[in-house]
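Inspection log for the structure reproduced underneath, given as structure tokens.
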Amino acid sequence: MQSRWWQQAVVYQIYPRSFMDSDGDGIGDLPGILARLDYLQWLGVDVLWLCPIFRSPNDDNGYDISDYCAIMAEFGTMDDFDRLLADAHRRGMRVILDLVINHTSDEHPWFIESRSSRENPKRDWYFWRDGGDRGSPPNNWESIFRGPAWTYDAATGQWYLHLFTRRQPDLNWDNAALRAAVSDMMRWWLDKGVDGFRIDAITHLKKAPGLPDMPNPQGLAQVPAYPFHMNVDGILDYIDELCTTTLAGRDVMTVGEANGIGPGGAEEWVGATRGRLSMVLQFEHWHLWSNAPRAPLDVRTLKRILGRWQTALRGRGWNALYLENHDLPRVVSRWGEPQRWRVQSATALATMYFLMEGTPFIYQGQELGLPNAEFASLDEFQDTYAHNRIAEMRAKGLTDDAILDEMRHTGRDTSRTPMPWDDGPHAGFTAGRPWLPAHQDFRDLNVVRQQGDRHSVLNYYRALIELRKREPVLLHGRYRTLAGRSTKLYAYTRGDGDDAIAVICNLSGEPATYRHAGFTLDRTRLLLANHDVPPHGPLTALTLRAWEARVYRIGTTSPA
Ligand code: NOJ
């Protein structure tokens, strides 16, 4: 089967602010990334996804862009970017940019013009509306980052819409001139040689016509309004236009951040015959955690969710595979056991998702098996969304201790601390004072140390990447869930003709027995394991230790 370069790739997500600081200002930058390309090449990743690097006042760490064609001052210059792109390309790596086009910064010239008068030609590039009687906002929508989704602007006596912070006004995609301007800007970057985009909040681009109030039976001050601003009918027309005007004829990778898309609807977004996006980052397994953040991993539901995505896109589209990103706490802390079984749970979870059909994504530090960064007090949280949540919980009367406990489990800063490179000051990230403190475990869990440890999480990720690239069946082999009813095991096969591989992971801290029919497992065909496995002949049952993962070639007798 013919495959595209982005189907064969492993993506590494860089949060530039925390990756590597080259000039001692405590903030990571582009020359810092350049200096670490050797590491990324050693690891074996092919695509670098850079979280936003554009000029920004940093209300939301770059997800509030004030100039799409300039580099954020703290990150360096356009020359730095050109050098980074050229060096990555020279090494055979690709670079995709995180593009925020649902909204801009309130400091973007488009918004400054738009807010300047009701008659300004760019007025309609954003959503401006009159308020209700008695000074209320135009509708009852809640911002995704809490509070009302509208802010009043005294200059013209109207309100503007923002699904995120008030400093991130939403662009009005119904306006053709705005769409043309976005498209020009994207072409400018593509002409420069970038290899694609991760498109932020893509499912929010269209709002329900008329911006209707949400039903509000509980009489809330504001109501979460997802049905009216997420995956609204007609949104795919925008995507089609973008494809025609901007992406057509270019061999690029496009990844949509796609809250609200299920496996049933995904084909419309990423179907091979539709020619829209390469893949979407879906949210269903994210919600499995966020709907019950303190609950242990529900393995059966996870299998159901990921299995449905595997099946739905089989032969029709392509999956993005991920466990972590900069909006989520670390997976070892969410679903693993960081105290008792850090290495084992990090590597078992890694094995589980990495060998499915799709393109695997690694978020910086995930490959070290980092648990959540710990915060001693609420003052240490930097994230704008954290600030809103803290204020909201205080308003509800929660104590600071209770809030701190909540934020330690769910805050986004828990995965945004500087990358631990070595055991020197500030983990080798900066010669200055880092914008967030170094991870509490950096002396043990840094890159240098893990490179030298055969049993480290880092070396395991490297082996996983190598395995994925070595075995063609892992690219296109059919996925089939095994042991679907087990509450501990996540097991599946990937099969293609005579060739098949079984991936068997115990996602629990207790032993778990896997019994299989139709094929045997033989030590001589073991491809990878996160525990030492003594020699064994053909087996039809296997008892895995706590958080044990094994990958076997099962050969011709497979049911896959
Ligand atoms: C999703 C991004 O991943 C997140 O970090 C950001 O805060 C929001 N979109 C708003 O742009």
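Just follow the structure's listing: the first ligand is 1, and inside any ligand the first atom is 1. When a residue number appears, it is its place in the shown sequence, counting from 1. In this text the structure is predicted, and so the values were computed from the model without any measurement. Excluded from the calculations below are hydrogen atoms, water molecules and symmetry mates; all remaining heavy atoms, backbone and side chain alike, are included.
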(request) Please confirm whether His229 and Phe127 have ring centers closer than 6.0 angstrom. (result) no
(message) If we only consider heavy atoms of Phe145, is any one of them less than 4.0 Å away from an atom in ligand 1?
(response) yes
(request) Examine Tyr322 together with Tyr363 and report whether their ring centres are nearer than 6.0 Å. (result) no
(message) Can you name the atoms of ligand 1, numbered from 1 with element, that are less than 4.0 Å from a heavy atom of His103?
(response) 10 (C), 11 (O)
(message) Looking only at the aromatic ring of each residue, does the gap between the centers of Phe111 and Tyr160 stay below 6.0 angstrom?
(response) yes
(request) Check His204 against ligand 1 and report side chain, backbone, both or neither, counting heavy atoms closer than 4.0 Å. (result) neither
(request) Return the residue, atom name and 0.1 Å-rounded distance of the protein heavy atom closest to atom 7 (O) of ligand 1. (result) Asp60 OD2, 2.5 Å
(message) Need the ligand 1 atom indices (1-based, order shown) with element for anything under 4.0 Å from a heavy-atom of His326.
(response) 2 (C), 3 (O), 4 (C), 5 (O)
(message) Taking the side chain as everything from C-beta on, heavy atoms only, tell me whether Leu349 gets closer than 4.5 Å to Leu507.
(response) yes
(message) Students should be able to answer this: which protein heavy-atom is nearest to atom 9 (N) of ligand 1, and at what distance?
(response) Asp200 OD1, 2.9 Å
(message) To the closest 0.5 Å, what do you measure between OG1 (Thr203) and CG (Asn102)?
(response) 8.5 Å
(request) Distance to 0.1 Å, residue and atom name: give those for the protein heavy atom nearest to atom 8 (C) of ligand 1. (result) Phe164 CE2, 3.8 Å
(message) I'd like to check which ligand 1 atoms, numbered from 1 as shown, lie under 4.0 Å from a non-hydrogen atom of Arg412.
(response) 4 (C), 5 (O), 6 (C), 7 (O)
(request) Using a strict 4.0 Å cut-off to heavy atoms of Asp327, name the atoms of ligand 1 that fall inside it. (result) 1 (C), 2 (C), 3 (O), 4 (C), 5 (O)
(request) Report yes if some heavy atom in the side chain of Asn61 is under 4.5 Å from a heavy atom in the side chain of Tyr15; otherwise report no. (result) yes
(request) Decide yes or no for Glu107 and Arg167: does some side-chain heavy atom of the first lie under 4.5 Å from some side-chain heavy atom of the second? (result) yes
